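First comes the structure, then the notes that go with it.
Keep in mind the model is a prediction, meaning the values are calculated, not measured.
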Amino acid sequence: MASLSTLTNPISETCFFLPKSCDLGFSRSKIAPFARSNVFKNSNVSSEGQCSSTFDVPLLSCSEVTERMRESRESHKAKQLYLAMYSSVSGGITIDPAAMVIPMDDHMVHRGHGVFDTAAIVNGYLYELDQHLDRFVGSATMAKIQIPFDRESIRQILIRTVSVSKCRNGSLRYWLSAGPGDFQLSPSGCHRAALYAIVIKDQSPPDHSGIRVVTSSIPIKPPQFAVMKSVNYLPNVLSKMEAEENDAYAAIWLDSDGLVAEGPNMNVAFVTKEKELLMPRFDKILGGCTAKRVAVLAANLVKEGKLRGIRVENVSVEDGKRAEEMMLIGSGVHVRSVVQWDEEVIGNGREGPVTQALLNLLLEDMKSGPPTVRVHVPY
C-alpha cells in the first residue's frame, strides 16, 4: 500500500467526514472539534496496512462546517465577490457566500451532467438575457435534462436573484443539472433537475489591450458537445492553461478539418484585407450570443464605409493569420484585439481600428441598446 503523504492545508480549509463504519484505530470522542493543526501529521502506513501515527481529523457539526467555510472565504482575497445565489434544492435565495453550495450527489458535480449560461449586468439591466436563456434551454434539451420550470419562471427567478443581490454591474451565471439523488451514472435516481444561479461582482478592472494567442494542441470537443454549453469544460481549461504556459491569453482551436473554430470560452473573428468582417461558421462550435450581436452591430460600420461586408463561413488558418485584424468576442472579453497568433504578427501588431469600433458599439449597446437586448432589474 502506498504511503499517505503529509498534508499542509489548514483544517479551516479542509474537512474530512468520517463514516460510522470507518475504524481508524481511535475513539471518535477523542477527536478535537476545533483543532487548528494540520489535518495529518507525518502519517504513514506500514507494510501490514496499520497507521503508524494518530490522525487529527475533527468531526464537525453542520454549524461548525458553515462557520469554517465562512472563515475560509473571508481569509481568501478573491478577484470576484458572490452577492446572491438561488438554488431550487433549497427553494430560495441566499446572500451568505458560506451557504452558496450544492449537494455532492448532484450529477452535475460527479458526472458533469449539467449545462450553464450567463448574462452581463450593466447599469441595472441584464444584457441579452433572453438570447442566453434561449441557448440555455436548448443546451438542456440536448443534454436530456428535464427542465423543472417553464421558461418564464426561470426568467423571473434569475431577475429576482439579481434584484436581491443589489448588483448593478457584474454578471449572472446559472446552471441546470440532472439534480441530486445518488452517485450512479444514470440520472434515473435523481429526484428532480436542479436550477442554480449566482450573481458575481468582478473586482478586476477591464482590460481591452491587444493580446497574443497560440494554436491549441488540446483536441476540440466533437460538434455534438461543442454546440451545447455544458459544464464539461476540462478541454477548455487545459486549452487556457496551455496558453498561459506559453505566455499567451488564449489558445485557438481548429476543427477536425484544420479550419479555425473558436477559443476556450470565446469566438474568433477577423477583418480581411478587403475590409470584410469574417467569422467561422457556428455549426461545429458554440453559437456565441455576443458574437452574433456583434455581427448585427457591425452593419453600422458597413453603412459608415468602415467595412465592406460581413461573412460567416469556413476560415483557414492561413487566411486568419494574414488578416488585417483578429479579435476574440465573448461576454467576458467583449471584443478584444489579437496582435499575434503563434509567431505571426496580425496586421501591424497593434489593436485594430475596426476591432476598437466594434468594442465601442458593443459597450454602447450594453448601456443603451433596445429592449430586445436589455432587461430592467427592479431593485
Side-chain angles (χ1 to χ4, degrees), residues 86-89 102-103 105-119 126 128-155 157-158 171-182 184-198 216 218-240 253-257 259-268 279-293 295 312 314 329-332:
Y86 168 83
S87 167
S88 65
V89 176
I102 63 176
D105 64 345
D106 190 307
H107 279 228
M108 184 168 67
V109 176
H110 64 87
R111 296 299 179 190
H113 195 175
V115 299
F116 77 102
D117 224 299
T118 187
L126 279 161
E128 287 206 300
L129 173 63
D130 290 306
Q131 290 79 0
H132 284 93
L133 191 52
D134 287 340
R135 184 174 65 181
F136 183 59
V137 172
S139 293
T141 301
M142 286 186 281
K144 296 186 177 181
I145 296 174
Q146 297 295 318
I147 303 175
F149 308 105
D150 60 66
R151 184 188 184 281
E152 182 57 26
S153 295
I154 295 176
R155 188 175 187 270
I157 288 171
L158 297 179
S171 63
L172 170 70
R173 190 165 296 187
Y174 41 99
W175 297 260
L176 267 174
S177 81
D182 54 34
Q184 301 297 324
L185 181 61
S186 169
S188 59
C190 297
H191 310 310
R192 189 186 188 197
L195 173 68
Y196 306 102
I198 193 164
S216 179
I218 307 299
I220 191 173
K221 298 175 187 175
Q224 179 181 357
F225 301 107
V227 297
M228 76 172 81
K229 199 170 179 70
S230 77
V231 299
N232 294 290
Y233 256 47
L234 182 57
N236 309 63
V237 171
L238 294 177
S239 179
K240 176 67 172 177
W253 267 322
L254 309 181
D255 67 17
S256 57
D257 295 319
L259 299 170
V260 179
E262 59 183 341
N265 61 341
M266 70 283 287
N267 291 102
V268 187
M279 292 184 178
R281 295 170 49 143
F282 297 112
D283 55 336
K284 295 180 181 180
I285 60 176
L286 186 69
C289 295
T290 306
K292 292 177 180 178
R293 184 60 183 167
V312 179
N314 291 334
I329 305 175
S331 57

Self-check item: Pair Leu254-Leu259, side-chain contact (heavy atoms from CB on, under 4.5 Å): steps then yes or no
Solution: CA-CA 5 Å; Leu254 309 181; Leu259 299 170; over 6 Å; no
For the [atom1] atom of [X] and the [atom2] atom of [Y], what is their distance to the nearest 0.5 Å?
X      : Y      : atom1 : atom2 : answer
Asp255 : Glu262 : CG    : CD    : 10.0 Å
Asp134 : Cys289 : CG    : SG    : 8.0 Å
Asn232 : Met108 : CG    : CE    : 11.0 Å
Tyr86  : Ile198 : OH    : CD1   : 14.5 Å
Asp106 : Ser177 : CG    : OG    : 3.5 Å
Leu234 : Lys221 : CG    : NZ    : 9.5 Å

Self-check item: Residue among Asn236, Val268, Val260, Ile285 satisfying side-chain contact (heavy atoms from CB on, under 4.5 Å) with Trp253
Solution: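 Testing each of Asn236, Val268, Val260, Ile285 against Trp253, the sole residue satisfying side-chain contact (heavy atoms from CB on, under 4.5 Å) is Asn236.
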What are the two closest heavy atoms between [X] and [Y], and how far apart are they?
X      : Y      : answer
Ala291 : Asn267 : CB-OD1, 3.6 Å
Ser139 : Lys229 : OG-N, 3.1 Å
Leu176 : Ala140 : CD1-CB, 3.8 Å
Ala178 : His107 : CB-CB, 4.0 Å
Met228 : Met142 : CB-CE, 3.5 Å
Gly189 : Asp182 : CA-OD2, 3.4 Å

[X] side-chain N/O to [Y] backbone N/O, donor-acceptor pair under 3.5 Å:
X      : Y      : value
Arg192 : Pro148 : yes
Ser88  : Leu195 : yes
His113 : Leu185 : no
Thr118 : Leu172 : yes
Lys292 : Gln131 : no
Arg111 : Gln184 : yes

Quiz item: ring pair (Phe, Tyr, Trp, His ring centres under 6.0 Å) between Tyr174 and Phe116: does it pass, once the steps are laid out?
Solution: CA-CA 5 Å; Tyr174 41 99; Phe116 77 102; 8.7 Å; no
Quiz item: Counting heavy atoms not belonging to Phe149, are there more than 12 under 6.0 Å from its CZ?
Solution: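 Atom CZ in Phe149 is packed in, count exceeds 12.
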Exercise. Inspect the contact between Arg135 and Asp117 and indicate whether a charged nitrogen and a carboxylate oxygen are less than 4.0 angstrom apart.
Key: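 Counted as a salt bridge, because a side-chain N and a carboxylate O are separated by less than 4.0 Å.
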Self-check item: Asp283: salt bridge (charged side-chain N to carboxylate O under 4.0 Å, His left out) partners, not counting sequence neighbours
Solution: Arg281
Exercise. Report the residues that fulfil side chain to side chain contact (heavy atoms under 4.5 Å, CB included) with Val89, sequence neighbours left out, ordered by chain and then residue number.
Key: Ser87, Pro103, Pro180, Ala194, Tyr196
Exercise. Under the side chain to side chain contact (heavy atoms under 4.5 Å, CB included) rule, collect the residues that match up with Arg155, sequence neighbours excluded.
Key: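 For Arg155 the side chain to side chain contact (heavy atoms under 4.5 Å, CB included) partners, ignoring immediate neighbours, are Leu129, Asp130, Leu133, Arg151, Glu152, Ile159, Val375.
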Self-check item: pair Val109-Asp105: side-chain heavy atoms closer than 4.5 Å
Solution: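 SC-SC contact between Val109 and Asp105 ruled out.
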Practice problem: Given side-chain contact (heavy atoms from CB on, under 4.5 Å), test Glu128 with Ser331 step by step and report yes or no. | Solution: CA-CA 10 Å; Glu128 287 206 300; Ser331 57; over 6 Å; no
